[in-house]
Structure formats: structure tokens, C-alpha cells
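A short worksheet on the structure shown next.
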Number of protein chains: 2
Amino acid sequence: MDATVDLSACRGCHCLAARRHARAVTRLFDEKLRPHGLRATQFSVLAALALAGPTPVTGLAEKLGLERTTLTRIAAVLERHGWVSIAPSEDARERPLRLTGAGRRKLVGAFPAWKEAQDLVDRWTDAQDPADRYPAGSVRQTR
Amino acid sequence: MDATVDLSACRGCHCLAARRHARAVTRLFDEKLRPHGLRATQFSVLAALALAGPTPVTGLAEKLGLERTTLTRIAAVLERHGWVSIAPSEDARERPLRLTGAGRRKLVGAFPAWKEAQDLVDRWTDAQDPADRYPAGSVRQTR
DNA sequence: CCTAGGTAGGTGTATATACACTCCAGCCGT
DNA sequence: ACGGCTGGAGTGTATATACACCTACCTAGG
């Protein structure tokens with residue numbers, strides 16, 4: 001019963017802009033990391049663990065700004081690959097995640113690829129407007 | 001064989017920042033839209049269709065900056081709810097997506113909720129630093 | 001007409017994401 | 001010691017996301 005709403009305001013949707021930007025950047029990082037068998041999210045978790053040392057799931061999730069339960073699933077994949085393991089803890093409720101040797105090697109090996117992607121995005125943000133207006137598709141033109 | 005890599009550079013990862021930001025913003029929009037039974041992504045698609053009229057999947061995906069196959073899945077959910085349908089086309093390969101009456105009503109009904117979320121993010125970006133450094137969790141403090 | 005190639009779209013599979021709910025372990029008061 | 005409470009973590013379910021692959025349809029050349 002209300003056709004007077006001005007839907008054109010939706011063109012400036014912050015959520016769409018943020019998601020679109022994240023998707024584009026993620027596709028680039030995934031592309032660079034693919035030869036190493038790592039996804040962008042997985043790289044983030046491994047890097048966070050390398051920098052912070054063994055960390056319980058809840059704390060790590062907060063650090064990364066994602067849901068605790070999401071990190072649980074991501075950690076399961078990383079464990080399956082042998083890149084992280086559960087560290088012992090005095091408090092049996094905690095299950096600190098710890099980078100394994102294989103995980104550290106994987107991370108260090110993938111670092112140059114990560115750096116490449118990171119530098120590419122640096123150059124984009126320098127060249128383009130400060131807002132995050134990456135035209136759709138421009139991200140993949142590197143191939 | 002290389003422990004000399006400076007992993008601390010990963011603290012400034014553009015991909016993590018973009019994803020973290022998108023997750024936070026999405027959680028807010030989802031929270032506002034939840035009473036209407038809509039997700040942020042779904043709202044985006046409905047709004048895009050309302051503004052552009054019937055559009056083939058590929059074109060709409062480009063407009064929204066997401067993978068064509070991703071839009072296929074999203075569209076399936078929207079169709080299931082009766083909010084979009086396949087419009088006829090001369091070219092039988094194309095399957096233009098079209099907003100249904102129910103879809104338009106759903107969209108218009110959810111618009112105020114969307115606007116609320118949009119305005120909230122406006123205020124954040126005005127108040128905070130221009131980069132997108134939302135401290136983890138601050139997004140949910142509105143509850 | 002008929003086939004080769006290109007275009008529009010869907011499927012299989014895997015991961016990412018989050019909410020609601022459940023479970024287990026420690027803690028604390030009586 | 002027990003019983004409830006709280007905190008840390010996992011599960012069930014649904015959607016989002018993308019790549020590799022597959023199918024259907026048009027169109028141009030023969």
C-alpha cells in the first residue's frame with residue numbers, strides 16, 4: 001500500500017558496497033593463493049595464529065571479527081589439513097588453536113603470493129577514489 | 001626453510017579488513033531485515049530488480065559484482081519464496097529475472113528497516129576514521 | 001540443412017557465514 | 001556434596017560464495 005518509497009536510495013547501499021568490495025578483493029587473494037591450496041580466510045587464520053600464538057576459539061574469532069561458530073568450521077578444515085591443532089590447556093573448556101609446523105611452512109610459503117595481492121590492492125586504492133568503488137570485474141583483469 | 005619472512009605485515013591485510021568490514025555491516029543489515037524475513041543479499045537483488053526491471057542472470061550478477069553461479073542459487077531461494085520469477089524472452093537461452101508483486105511488496109515493506117541500517121552506517125563512517133576500521137564487535141553495540 | 005563455435009545458464013562440490021540450540025566443564029552458594 | 005549458573009565450544013540448518021564442469025540454444029559457414 002505504499003509505492004511512494006524512493007528505492008533509488010538503495011543504489012548507495014553500504015552493505016552491497018562492502019560485500020561487493022570484499023568479494024572482489026577475496027577473488028583476487030584467492031586467485032593468488034590458489035597455487036598454494038589456501039583460501040584467503042584460511043590464510044588470515046594461520047597468520048593470526050602465527051602472530052598471536054595458541055589462542056582459544058572465542059578470542060581468535062573476536063580478533064578476526066567473525067562469528068565463533070564460523071571459526072569452528074574453518075578450524076575444522078585447517079585441522080583436517082594438519083595446519084593447526086588443539087593445544088593443551090589448564091581449563092578443559094578451552095581448546096586453544098595452535099599453528100603446526102606444517103601450518104607455519106604453508107603460511108610462509110604462501111606469503112609471497114599474499115604480498116602480491118596485497119600490493120595490487122595497494123596500487124588500486126592509491127589510483128582510484130578513496131571510497132571503495134571498484135568497478136565490477138576490474139579486479140580480474142590481471143589474468 | 002625461510003623464517004625471515006615478516007608476517008607482521010599480515011596485520012594490514014586488505015582482504016581481512018574488507019571481509020571483516022563486510023561481515024560487520026552485513027550482520028547489522030541482517031539484524032534490521034530479520035523481522036521481514038529478508039537477508040541483506042536478498043534485499044540487494046530485489047532492489048536491483050526493482051530499479052532495473054527484468055534482467056538476465058549474467059547482467060544482474062555483473063551489476064551486483066557477484067559470480068553468476070552465486071546469483072543462480074540466490075535467485076532459486078527468491079523464487080521459492082515467490083519474490084521473483086522468470087520473465088519470458090525471445091532468446092530462449094536467457095532467463096530474465098523479474099520482481100513479482102509479492103517481491104515488490106516485500107521490498108517496500110522492508111525498506112524502512114534497510115534505511116535504518118543504512119543511516120546507522122552513515123553515522124559510523126562520519127564519526128570514525130575514513131578507513132574502514134570498525135573495532136570488532138562495535139557494530140553490535142546498538143542492541 | 002547441418003555442424004562448429006560461442007553464449008546463457010545450471011550442477012557438483014567445497015568452503016564461508018551466522019543464528020538457534022545443545023553440551024560439557026568449572027565455579028559457587030548452601 | 002549437590003545443584004544451579006556461567007563460560008567455552010560444537011551441532012543443526014540455511015544461505016552465500018565461487019570454481020570446474022555440463023547443458024541448451026543461437027548463429028554463422030559450408
Side-chain angles (χ1 to χ4, degrees), chain A residues 15-16 18-31 33-35 37-45 55-62 64-81 83 86-87 89-97 137 139-140 143, chain B residues 15-16 18-31 33-35 37-45 55-62 64-81 83 86-87 89-97 137 139-140 143:
Chain A
C15 189
L16 176 57
R19 290 179 75 85
R20 183 211 301 273
H21 175 62
R23 282 190 296 255
V25 172
T26 301
R27 278 194 290 263
L28 173 73
F29 275 77
D30 276 349
E31 183 182 321
L33 291 173
R34 194 165 308 132
L38 271 180
R39 302 291 218 71
T41 302
Q42 300 169 344
F43 183 93
S44 298
V45 174
T55 315
V57 172
T58 299
L60 190 58
E62 273 167 16
L64 295 171
L66 45 75
E67 275 295 310
R68 180 185 55 79
T69 58
T70 301
L71 182 53
T72 296
R73 318 292 170 129
I74 295 171
V77 174
L78 297 179
E79 262 190 277
R80 189 149 47 73
H81 285 285
W83 298 329
I86 309 289
S89 167
E90 324 78 48
D91 191 335
R93 289 172 302 186
E94 287 185 350
R95 295 155 169 260
L97 291 174
V139 159
R140 313 219 42 155
R143 113 192 86 110
Chain B
C15 189
L16 176 57
R19 289 178 76 84
R20 183 211 302 272
H21 175 62
R23 282 191 296 255
V25 172
T26 301
R27 278 194 290 262
L28 172 73
F29 275 77
D30 275 350
E31 184 181 320
L33 292 173
R34 195 166 306 131
L38 270 180
R39 301 294 217 69
T41 303
Q42 300 169 345
F43 183 94
S44 297
V45 173
T55 315
V57 172
T58 298
L60 189 59
E62 272 166 19
L64 295 171
L66 45 76
E67 273 295 310
R68 179 185 56 79
T69 58
T70 300
L71 183 53
T72 296
R73 316 292 170 129
I74 295 171
V77 174
L78 298 179
E79 262 190 277
R80 188 148 47 73
H81 285 285
W83 298 329
I86 308 288
S89 167
E90 322 79 49
D91 190 334
R93 289 172 302 183
E94 286 185 352
R95 296 154 168 260
L97 291 175
V139 159
R140 311 218 45 152
R143 110 193 89 110

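Lettering follows sequence order; numbering is per chain, from 1.
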Self-check item: 5' precedence on DNA chain C between B:Pro56 and A:Arg73 (nearest-nucleotide basis)
Solution: B:Pro56
Quiz item: Reckon B:Arg27 has a side-chain N or O less than 4.0 Å from the OP1 or OP2 of C:dT17?
Solution: no
Practice problem: Measure from the side chain of A:His81, starting at C-beta and using heavy atoms only, and say which of D:dA18, D:dG10, C:dT15 lies closest. | Solution: C:dT15
Quiz item: A:Asp30 near the nucleic acid: base, sugar-phosphate alone, or nothing, with a heavy-atom cut-off under 4.0 Å?
Solution: nothing
Practice problem: Assign B:Thr58 to base, sugar-phosphate, or nothing according to its heavy-atom contacts below 4.0 angstrom with the strands shown. | Solution: sugar-phosphate
Self-check item: Nearest-neighbour nucleotide for the A:Thr69 side chain, D:dT6, D:dA18, C:dA20 considered
Solution: C:dA20
Quiz item: To the nearest angstrom, how far is A:Gln42 atom CD from C:dA14 atom P?
Solution: 14 Å
Quiz item: Side-chain donor or acceptor of B:Arg93 under 3.5 Å from a matching atom on the base of C:dG9?
Solution: no
Practice problem: Please report the shortest heavy-atom distance between B:Gly37 and B:Trp83, naming the atom on each side. | Solution: O-CH2, 3.5 Å
Practice problem: Starting at atom CG of B:Leu28, determine the distance to atom P of C:dT17, rounded to an integer number of angstrom. | Solution: 18 Å
Exercise. Between C:dA18, D:dA16, D:dG7, spot the one nearest the side chain of B:Arg39, thanks.
Key: D:dA16
Quiz prompt | Selection from C:dC19, D:dA18, D:dG8 that lies nearest to any side-chain heavy atom of A:Glu94 | solution = D:dG8
Quiz item: Which atom names give the shortest non-hydrogen contact between A:Asp30 and A:Ala40, and what distance separates them?
Solution: OD1-N, 2.8 Å
Practice problem: Give the rounded distance in Å between these two atoms: CD1 of B:Ile86 and P of D:dA24. | Solution: 17 Å
Quiz prompt | Backbone N/O of B:Gly59 and side chain of B:Glu62: donor-acceptor pair under 3.5 Å | solution = no
Quiz prompt | Presence of donor-acceptor pair under 3.5 Å, side chain of A:Arg68 and base of D:dG10 | solution = yes
Quiz item: What is the distance, rounded to the nearest whole Å, between atom CZ of A:Arg95 and atom C1' of C:dC23?
Solution: 11 Å
Quiz item: Do A:Ser89 and A:Arg95 get their side chains close enough for a donor-acceptor pair, meaning under 3.5 Å?
Solution: no
Quiz prompt | Residue closer to the 5' end of DNA chain D, A:Arg23 versus A:Asp91 (nearest nucleotide) | solution = A:Asp91
Self-check item: 5'-most by nearest nucleotide on DNA chain C - A:Ala92 or A:Ile74
Solution: A:Ile74
Quiz item: Is there a donor-acceptor contact under 3.5 Å from the side chain of A:Arg23 to the main chain of B:Gly65?
Solution: yes
Self-check item: Protein-nucleotide distance (B:Leu66, atom CG; C:dG9, atom P), rounded to Å
Solution: 14 Å
Quiz item: Separation of B:Leu64 atom CG from D:dA18 atom C1', in whole Å?
Solution: 15 Å
Practice problem: Specify the separation, in whole Å, of atom CD of B:Glu31 and atom C1' of C:dT17. | Solution: 16 Å
Quiz item: Sub-3.5 Å donor-acceptor pair from the side chain of A:Thr70 to the main-chain atoms of A:Leu66, do we have one?
Solution: no
Self-check item: Sugar-phosphate only, base, or nothing, as touched by A:Arg19 at under 4.0 Å among non-hydrogen atoms
Solution: sugar-phosphate
Quiz item: Of the nucleotides C:dG26, D:dA16, C:dA16, which one has an atom closest to the side chain of B:Thr70?
Solution: D:dA16
Quiz item: Taking CG from A:Leu78 and P from C:dT15, how many angstroms apart are they, rounded to a whole number?
Solution: 10 Å
